[in-house]
**Student:** 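Shown below is the structure under consideration.
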Protein chains: 2
Amino acid sequence: MLTIGTLAKKTGTKVQTIRYYEQIGLMPEPGRTGGGQRRYGDAELDRLSFVRHARQLGFSLDAIRELLDLSDHPGKSCAEADAIARRQLKQVEQRLARLEALRTELKRMVHECSGGQTSDCRVLEVLRDHSECLTEHEQIGA
Amino acid sequence: MLTIGTLAKKTGTKVQTIRYYEQIGLMPEPGRTGGGQRRYGDAELDRLSFVRHARQLGFSLDAIRELLDLSDHPGKSCAEADAIARRQLKQVEQRLARLEALRTELKRMVHECSGGQTSDCRVLEVLRDHSECLTEHEQIGA
DNA sequence: TTTACATCCTCTAGCTACTGTAGGTTCAAG
DNA sequence: CTTGAACCTACAGTAGCTAGAGGATGTAAA
């Protein structure tokens with residue numbers, strides 16, 4: 001039986017985050033000691049590991065909820081899980097494209113800074129000037 | 001003189017976002033009509049364009065605040081603006097590296113899915129198995 | 001057994017950067 | 001003068017946590 005702190009360490013999660021996952025129903029309510037402290041078993045460790053791994057891969061908590069649901073029902077079609085992963089891949093690729101464009105522009109800004117006064121600073125100038133923008137009025141995808 | 005709606009359109013910003021920027025002190029309080037509606041001039045248009053452009057480049061509002069401050073004081077050294085841009089570039093490059101690793105793993109997941117039942121779904125399996133993880137317990141950088 | 005102290009508990013608020021809604025007012029065109 | 005789009009304030013909500021207050025519990029050493 002693991003305390004919440006041990007579970008946190010084993011999965012690289014903060015204690016508060018585990019309680020938060022419980023609160024939003026992503027983790028089940030665990031058993032408690034007489035004094036009311038949470039105690040976890042291997043099933044919870046596995047589930048939390050799954051969640052954290054998926055988070056590292058950029059899946060949203062909603063997507064993870066779907067994936068956990070699929071994984072809880074082994075008879076269901078694999079196609080759904082595949083679709084979720086594909087959606088995720090697509091998003092990742094879109095972000096990559098954006099970030100690459102940003103890198104190019106930032107590099108240009110940095111390399112053209114000559115180190116004088118801000119009045120002739122290229123960094124500020126570039127930000128003031130929209131004409132070389134990637135795409136006008138595009139949303140930032142963080 | 002521009003209404004807030006016109007300013008919004010010209011800069012690709014939502015009206016509420018402009019009011020929000022005013023609230024947090026990123027945009028100045030503009031003049032008002034007798035009836036209390038905001039009216040903007042070219043200075044505000046420039047400032048908001050600057051802010052939006054910087055946001056598109058991934059600068060945080062705090063970083064933008066610093067940049068605006070530098071740009072308001074043309075005597076200051078350009079080095080600070082350059083440092084902010086360099087910090088930003090570094091972050092972008094870190095995110096790129098992470099996302100590329102994610103793309104690799106997601107591609108592997110997706111391509112190995114054979115379309116059977118979830119019980120032998122590679123997507124779920126990969127998420128269950130941490131052994132091939134990029135780096136253990138790494139934070140996700142959104 | 002007592003005491004120390006790390007860890008646990010709940011609850012609430014805060015973070016970033018917005019976005020949306022409700023309920024009401026103002027402005028410009030026809 | 002009327003219509004209706006656009007404006008106003010104020011507040012709540014989003015994701016995904018994170019931090020803090022103030023107090024209870026668990027464990028190990030003295």
Side-chain angles (χ1 to χ4, degrees), chain A residues 1-27 29-40 44 48 50-68 88 91 95 98 137-142, chain B residues 1-27 29-40 44 48 50-68 88 91 95 98 137-142:
Chain A
M1 284 300 164
L2 307 169
T3 65
I4 196 170
T6 314
L7 184 64
K9 247 171 230 156
K10 280 193 187 241
T11 55
T13 317
K14 302 234 163 155
V15 166
Q16 291 102 310
T17 306
I18 298 175
R19 290 200 277 246
Y20 168 72
Y21 286 165
E22 183 184 326
Q23 196 186 307
I24 62 169
L26 209 61
M27 288 293 289
E29 290 189 21
R32 302 265 184 156
T33 63
Q37 298 196 354
R38 292 168 179 83
R39 289 298 121 99
Y40 295 93
E44 283 102 333
L48 185 54
F50 183 102
V51 171
R52 293 310 288 175
H53 195 181
R55 284 296 296 139
Q56 280 172 3
L57 287 172
F59 288 90
S60 71
L61 292 182
D62 269 358
I64 293 171
R65 227 185 280 270
E66 286 183 74
L67 288 168
L68 281 168
Q88 195 55 33
Q91 272 184 28
R95 284 192 208 165
R98 279 228 53 145
H137 300 170
E138 213 178 337
Q139 289 247 346
I140 179 163
Chain B
M1 284 299 163
L2 308 168
T3 64
I4 196 170
T6 314
L7 183 64
K9 248 171 231 155
K10 279 193 187 240
T11 55
T13 316
K14 300 236 162 157
V15 167
Q16 291 103 311
T17 305
I18 298 175
R19 290 200 277 246
Y20 168 72
Y21 286 165
E22 183 185 326
Q23 196 187 306
I24 62 169
L26 209 61
M27 288 294 288
E29 291 189 20
R32 302 266 184 156
T33 63
Q37 298 197 353
R38 293 169 178 82
R39 288 299 121 97
Y40 295 93
E44 281 102 333
L48 185 54
F50 183 102
V51 171
R52 294 311 288 176
H53 195 181
R55 283 295 296 139
Q56 280 173 5
L57 287 172
F59 289 91
S60 71
L61 292 183
D62 268 358
I64 292 171
R65 225 185 282 270
E66 287 183 74
L67 289 168
L68 281 168
Q88 199 56 32
Q91 271 183 29
R95 284 191 207 166
R98 282 228 49 150
H137 300 169
E138 214 178 333
Q139 290 249 344
I140 178 160

**Student:** Nearest whole angstrom, please: distance from the C1' of D:dG20 to the CZ of A:Arg19.
**Tutor:**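 About 12 Å, once rounded to whole Å.
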**Student:** Measure the CD1-OG1 distance between B:Ile18 and B:Thr13 for me, rounded to the nearest 0.5 Å.
**Tutor:**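 So the gap between those two atoms works out to 5.0 Å.
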**Student:** Below 4.0 angstrom from OP1 or OP2 of C:dA17, is there any side-chain N or O of B:Tyr21?
**Tutor:**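 Answer is no, no contact under 4.0 Å.
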**Student:** For B:Lys14 and C:dT21, give me the distance from atom NZ to atom P, rounded to whole Å.
**Tutor:**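 It works out to 10 Å between those atoms.
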**Student:** Check the distance between C:dT16's C1' and B:Leu26's CG and give it to me in whole angstrom.
**Tutor:**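 Going from B:Leu26 (CG) to C:dT16 (C1'), I get 13 Å.
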**Student:** Round to the nearest Å and state the distance from B:Tyr40 atom OH to D:dC7 atom P.
**Tutor:**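 In whole Å, D:dC7 P lies 10 Å from B:Tyr40 OH.
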**Student:** Any side-chain N or O of B:Arg52 less than 4.0 Å from the OP1 or OP2 oxygen of C:dC18?
**Tutor:**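 Checking B:Arg52 against C:dC18: at least one side-chain N or O falls below 4.0 Å of OP1 or OP2.
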**Student:** Picking from D:dG16, D:dC7, C:dC18, which would you name as closest to the side chain of A:Arg55?
**Tutor:** D:dG16
**Student:** Quickly work out the B:Leu61 CG to C:dA17 C1' distance and round it to whole Å.
**Tutor:**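 Those two atoms, CG and C1', are 6 Å apart.
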**Student:** On DNA chain C, check which nucleotide each of A:Arg39 and A:Gln23 is closest to and give me the residue with the more 5' one.
**Tutor:**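 It is A:Arg39 whose nearest nucleotide is closer to the 5' end.
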**Student:** OP1 or OP2 of D:dC7 sitting under 4.0 Å from any side-chain N/O of B:Arg38?
**Tutor:**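 For D:dC7, OP1/OP2 do not have a side-chain N/O of B:Arg38 under 4.0 Å.
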**Student:** Could you grab the distance from atom CE of A:Met27 to atom CD1 of A:Ile4, nearest 0.5 Å is fine?
**Tutor:**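 Result: 9.0 Å between the selected atoms.
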**Student:** Do B:Glu22 and B:Arg38 meet the salt-bridge criterion of a basic N to acidic O distance under 4.0 Å?
**Tutor:**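 Result for this pair is yes, salt bridge flagged.
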**Student:** Taking C-beta and beyond as the side chain, do A:Arg52 and A:Thr17 meet within less than 4.5 Å on heavy atoms?
**Tutor:**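 A side-chain contact under 4.5 Å exists here.
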**Student:** Given that B:Gln16 and B:Thr3 both sit by DNA chain D, which one's nearest nucleotide is further toward the 5' end?
**Tutor:**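 Closest to the 5' end, via its nearest nucleotide, is B:Thr3.
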**Student:** Please give, in whole Å, the distance from D:dA10 C1' to B:Glu22 CD?
**Tutor:**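 About 14 Å, once rounded to whole Å.
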**Student:** Compare side-chain N and O positions of B:Arg32 against OP1 and OP2 of C:dC27 and report whether any pair is under 4.0 Å apart.
**Tutor:**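 False: B:Arg32 side-chain N/O out of range (4.0 Å or more) of C:dC27 OP1/OP2.
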**Student:** Find the distance A:Ile4:CD1 to C:dT10:P and express it as a whole number of Å.
**Tutor:**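 Checked: the CD1 to P distance equals 8 Å.
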**Student:** How close or far is atom C1' of C:dC11 from atom OH of A:Tyr20, stated in whole angstroms?
**Tutor:** 16 Å
**Student:** Should B:Thr33 be listed as having a side-chain N or O under 4.0 Å from OP1 or OP2 of C:dC27?
**Tutor:**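 True: B:Thr33 side-chain N/O within range (under 4.0 Å) of C:dC27 OP1/OP2.
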**Student:** With side chains defined as the heavy atoms from C-beta onward, is the minimum distance between B:Val15 and B:Arg19 less than 4.5 Å?
**Tutor:**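 When only atoms from C-beta onward are counted, B:Arg19 and B:Val15 do touch, with a gap below 4.5 Å.
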